[in-house]
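Please read the structure below before turning to the comments.
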Amino acid sequence: MNGDPKSEAIAASNRWQNASLDTGGGHTRVDEIFAIDVFDLKKMRQRLPKSVYRSVEDVMSGGGKLTHADADVIATAMKDWAIERGVTHFTHWFQPMTGLTAEKHDSLTIPDGEGGVVYRLSGNSLIQGEPDASSFPSGGLRATFEARGYTAWDVTSPAFIIRGSNYATLCIPTAFVSWNGEALDKKTPLLRSMDAISTQAIRILKAFGSDEGVTSVGSTLGAEQEYFLVDRNLYYARPDLVSCDRTLFGSMPPKHQQLDDHYFGSIPTRVLSFMAEVERELSCLGVPVQTRHNEVAPGQYEIAPLFETTNIACDHQAIMMQTLKSVAGRFGFVAIMHEKPFAGVNGSGKHNNWSLSTDTGVNLLDPQDEAHNNLQFMTFLCAVIRAVHKHADLLRATISSASNDHRLGANEAPPAIISIFLGDMLEDLIDQIEKGSPSRTLKGGNLDLGARSLPALKRDSGDRNRTSPFAFIGNRFEFRAVGSTASCSWPNTVINTIVAESLDFIATEIEGAVKERSTEKQRESAIRKVLQGIIKDHRAIVFNGDNYTEEWAEEAEKRGLPNLRTTPDALPVFKDRKVAAMFKKFKVLSKPELESRAEIFAEKYVTQIGIETHQMISIARTMILPACIEYQHRLARSIKASEDVGVDAKSLREPLELVAQRIHTLNLAIEQLKNLLEFRSMESFEASIFIRDHVLGAMESLREASDDLERVVDHDLWPLPGYSQLLTIR
């Protein structure tokens with residue numbers, strides 16, 4: 001071993017691969033966090049008096065609020081359950097605008113006055129906490145000197161316990177608001193949006209007379225999480241991965257994903273052991289994991305849960321990301337959620353499968369077998385079509401970030417143009433409705449596979465479209481453009497709100513058109529007329545073709561669909577008065593709350609690019625440039641040594657000149673990027689535009705200059721582990 005960090009990292013990684021995968025067999029446990037249990041409704045039913053448990057059920061169904069007396073009883077039961085499992089502290093676990101989770105731990109013990117301690121959790125402590133609000137992103141809602149903020153228990157989301165080797169903490173999911181009651185988190189607006197869509201959906205059900213027994217309608221979510229696993233030793237030998245979660249430099253190896261041999265391939269042993277441990281911990285926390293598999297890029301994987309109520313699903317998504325990261329260390333990995341950690345191979349998304357369901361268990365986006373007779377389904381479908389068309393720019397802004405900009409439109413993910421894929425069956429149905437009364441539903445039939453040992457397969461009525469940002473896939477919509485680093489809460493807050501706005505529009509139209517004494521036939525005719533108008537006005541958003549083609553970009557422009565290519569292009573929609581009015585009308589976000597989010601998103605974009613530019617310059621100057629100069633010297637010494645003994649060294653001069661020329665290009669690119677750092681002193685939105693127009697191109701030029709040198713400099717001199725190691729050592 002020559003002592004350089006890269007060689008040591010590769011050697012250590014090889015030792016990990018060859019060692020026993022039993023984490024108890026001599027390996028050092030790192031990030032030692034273990035899930036233990038969850039305080040769900042089943043536990044509540046076992047431990048609470050019937051009257052208190054009924055109060056909890058009423059709150060969860062939207063029919064009441066907890067009294068302080070009930071809260072005291074619940075807190076005592078939760079405390080007893082927790083201390084039986086070794087818990088010593090509790091925390092209000094919340095999701096601030098950082099996009100991560102936050103927690104402040106408080107002891108469950110207090111002195112008993114006799115030299116001992118007693119365990120205590122009061123109802124007030126369960127319901128309300130008070131973390132410092134001044135240091136979290138607030139977008140101007142809070143000044144630095146105004147510190148008070150509150151956390152409020154979300155009764156609908158189960159508390160859970162996280163335990164390490166010498167601690168156990170009770171985590172209580174909460175909302176986070178300022179002293180003024182303004183939302184400083186991702187959960188509060190989501191819960192408000194769920195109330196909004198429930199109210200409007202029930203109006204539609206009443207119009208169809210199908211609201212009997214329904215007390216609420218909720219959105220449901222199944223969010224598929226893609227991620228990369230990188231060997232831990234190699235990760236820490238890459239300063240760009242450590243500080244930016246993506247490689248700022250790196251040339252492609254001869255083989256990466258061209259053969260499509262990683263996708264759904266055999267899962268490497270160490271990775272499978274890691275996955276099994278993740279699933280074990282998640283099952284303890286009530287997170288229902290269904291799927292695991294290799295993704296397209298080498299070193300890329302996916303985990304997918306079952307559907308749940310959106311609020312709980314978003315909490316579980318945050319827990320899942322945290323669990324992936326903590327468990328990875330035990331197996332010598334780092335889990336990377338960044339949308340594009342490696343240039344040139346597929347990036348990662350978080351496919352957001354969204355639907356609507358009544359509390360009686362009816363999926364309102366299930367067309368059923370004879371969809372042409374299901375006018376209620378068509379009404380909810382048209383509401384989504386109208387919502388996405390009317391607010392395509394808002395949906396695009398919702399998934400905007402510096403990291404997701406690398407992925408959107410990169411022929412692996414949906415493009416920045418928002419459209420809806422319906423498939424043949426549903427597009428045929430909306431054609432029929434637009435022309436009159438639907439009379440048929442296209443069927444997929446069966447597939448005869450031509451071998452006696454193989455069964456006939458039932459074929460769906462339409463194909464799937466992996467290039468569509470917002471695709472209907474049987475009984476739900478898949479918003480494929482959500483980034484892998486993103487919290488699901490914000491995209492679903494927006495989807496819920498825009499669909500609520502459309503349901504409100506449709507319900508008002510129907511209520512105005514359907515008279516009290518209308519016959520069933522008259523009512524259906526009136527509803528079809530409303531839907532015909534929506535389809536005529538909004539079907540431009542429907543596109544069943546290849547979203548990656550240039551022809552679609554041209555066609556989308558003709559249809560008037562926005563093409564917001566970057567985050568700076570998309571963010572201004574949050575300042576649109578119509579958007580602010582919609583959020584205010586449905587009591588999801590006040591105007592200051594919406595404006596604060598626009599400021600937070602812009603500031604995060606600028607800060608993230610700022611970190612990346614500084615890291616690029618630092619790595620290029622202190623690691624890459626010295627290695628290249630040493631290689632240049634090595635070539636020059638070789639030429640001189642050859643000529644000193646009378647050997648013709650002409651063949652060595654061309655590589656030397658090439659390296660010298662590329663080093664010059666590298667130096668120019670470093671200086672060019674350094675001279676653009678003035679954006680740090682600009683206002684956030686102004687800085688984001690400057691970054692789009694000037695900085696991103698300079699960053700790409702510096703990367704190209706470095707990657708050109710990586711292809712010619714001796715491997716043993718190159719200071720960074722390359723893509724060959726990062727993508728293949730598992």
Side-chain angles (χ1 to χ4, degrees), residues 4-7 9-10 228 230 234-256 297-299 336 338-345 347 402-403 405-407 410 608-636 654-677 679 691 694-728:
D4 71 277
K6 184 186 78 171
S7 298
I10 293 172
F228 279 84
V230 174
L234 298 177
Y235 174 87
Y236 283 112
R238 292 283 313 214
D240 47 0
L241 278 178
V242 173
S243 63
C244 306
D245 254 8
R246 78 176 182 102
T247 53
L248 301 173
F249 302 99
S251 64
M252 292 300 297
K255 180 182 182 297
H256 41 94
I336 299 176
H338 193 286
E339 284 80 358
K340 196 76 169 177
F342 304 104
V345 299
S403 53
D405 278 359
H406 291 288
R407 167 180 166 264
Q608 193 167 341
I609 299 297
I611 293 170
E612 291 184 356
T613 53
H614 278 279
Q615 190 62 274
M616 283 196 88
I617 293 169
S618 174
I619 293 174
R621 276 181 168 173
T622 64
M623 299 179 73
I624 294 172
L625 188 57
C628 296
I629 291 173
E630 173 57 30
Y631 180 60
Q632 184 181 23
H633 289 168
R634 182 182 289 186
L635 287 174
E654 184 176 343
L656 177 61
E657 291 171 0
L658 175 64
V659 169
Q661 181 184 17
R662 291 184 177 181
I663 288 175
H664 176 67
T665 302
L666 179 68
N667 268 316
L668 290 178
I670 292 171
E671 289 304 308
Q672 181 190 16
L673 184 57
K674 181 182 172 226
N675 292 334
L676 293 173
L677 296 182
F679 71 84
I691 287 170
H694 304 288
V695 176
L696 296 180
M699 292 174 71
E700 186 59 32
S701 295
L702 178 52
R703 178 175 190 138
E704 289 175 1
S706 170
D707 292 355
D708 283 345
L709 280 160
E710 185 182 358
R711 297 183 187 99
V712 297
V713 172
D714 276 1
H715 177 74
D716 68 314
L717 287 176
W718 197 255
L720 303 170
Y723 275 23
S724 293
Q725 292 85 35
L726 292 168
L727 292 172
T728 58

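Count residues from 1 along the sequence.
Considering CG of Leu234 and CG of Leu241, their distance stands at 9.5 Å, rounded to 0.5 Å. With rounding to the nearest 0.5 angstrom, the CD1 atom of Ile663 is 12.0 Å from the CG atom of Leu668. Separation of atoms CG (Leu656) and CZ (Arg634) is listed at 13.5 Å; rounding is to 0.5 Å. Taking NZ from Lys340 and OG1 from Thr247, the interatomic distance works out to 10.0 Å, rounded to the nearest 0.5 Å. Note that the CZ atom of Phe249 and the CG atom of Leu702 stand 4.5 Å from one another [nearest 0.5 Å]. In this structure, CD1 in Ile611 is found 7.0 Å from CD in Gln608, a value given to the nearest 0.5 Å.
With sequence neighbours excluded, the residues that form a side-chain contact (heavy atoms from CB on, under 4.5 Å) with Gln672 are Ala698, Ser701. Looking at residues two or more places apart in sequence or on another chain, you find no side chain to side chain donor-acceptor pair (under 3.5 Å) involving Asn667. With sequence neighbours left out, Lys255 forms a salt bridge (charged side-chain N to carboxylate O under 4.0 Å, His left out) with Asp261. Residues satisfying the side-chain contact (heavy atoms from CB on, under 4.5 Å) test with Met252, not counting sequence neighbours, are His256, Val345, Tyr723. For Pro626, the side-chain contact (heavy atoms from CB on, under 4.5 Å) criterion is met by no residue, not counting sequence neighbours. Taking Arg703 as the reference, Asp707 meet the salt bridge (charged side-chain N to carboxylate O under 4.0 Å, His left out) condition, with sequence neighbours excluded. With sequence neighbours excluded, no residue satisfies side chain to side chain donor-acceptor pair (under 3.5 Å) with Ser706. For Leu677, the side-chain contact (heavy atoms from CB on, under 4.5 Å) test picks out Thr613, His614, Ile617, Phe679, Arg680, with sequence neighbours left out. In this structure, Glu710 has no salt bridge (charged side-chain N to carboxylate O under 4.0 Å, His left out) partners at least two apart in sequence or on a different chain. Under the side chain to side chain donor-acceptor pair (under 3.5 Å) criterion, His694 pairs with no residue, sequence neighbours left out.
Applying the side-chain hydrogen bond (donor to acceptor under 3.5 Å, both in side chains) definition to pairs two or more places apart or across chains, those involving residues 616-631 are Arg621-Glu671, Glu630-Arg637. Residue pairs that meet the salt bridge (charged side-chain N to carboxylate O under 4.0 Å, His left out) test with at least one member in residues 609-619, sequence neighbours left out, are Arg246-Glu612.
The shortest heavy-atom contact between Ile336 and Pro341 is CG2-CB, 4.0 Å. The two atoms that bring Gln615 and Cys244 nearest to each other are CB-SG, 4.1 Å, heavy atoms only. For the residue pair Ser403 and Glu339, the shortest heavy atom distance occurs at OG-OE1, 2.7 Å. When every heavy atom of Tyr235 is checked against every heavy atom of Asp245, the shortest pair comes out as OH-OD1, 3.7 Å. The heavy-atom pair separating Leu709 from Cys628 by the smallest distance is CD1-SG, 3.6 Å.
At least one donor-acceptor pair under 3.5 Å links the side chain of Asp240 to the backbone N or O of Leu248.
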Quick one: do Ile609 and Leu696 satisfy side-chain contact (heavy atoms from CB on, under 4.5 Å)? Show the steps, please. CA-CA 9 Å; Ile609 299 297; Leu696 296 180; 4.1 Å; yes

Before giving the answer on side-chain contact (heavy atoms from CB on, under 4.5 Å), spell out for Thr665 and Asp708 the whole-Å C-alpha distance, their side-chain angles and the decisive distance to 0.1 Å. CA-CA 10 Å; Thr665 302; Asp708 283 345; over 6 Å; no

Please test Val230 against Arg238 for side-chain contact (heavy atoms from CB on, under 4.5 Å), starting from the C-alpha separation and ending with a verdict. CA-CA 11 Å; Val230 174; Arg238 292 283 313 214; over 6 Å; no

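Counting heavy atoms from C-beta outward, Pro239 and Met623 have side chains that approach closer than 4.5 Å.
Classification of the His338-His406 ring pair by plane angle, with boundaries at 30° and 60°, yields tilted.
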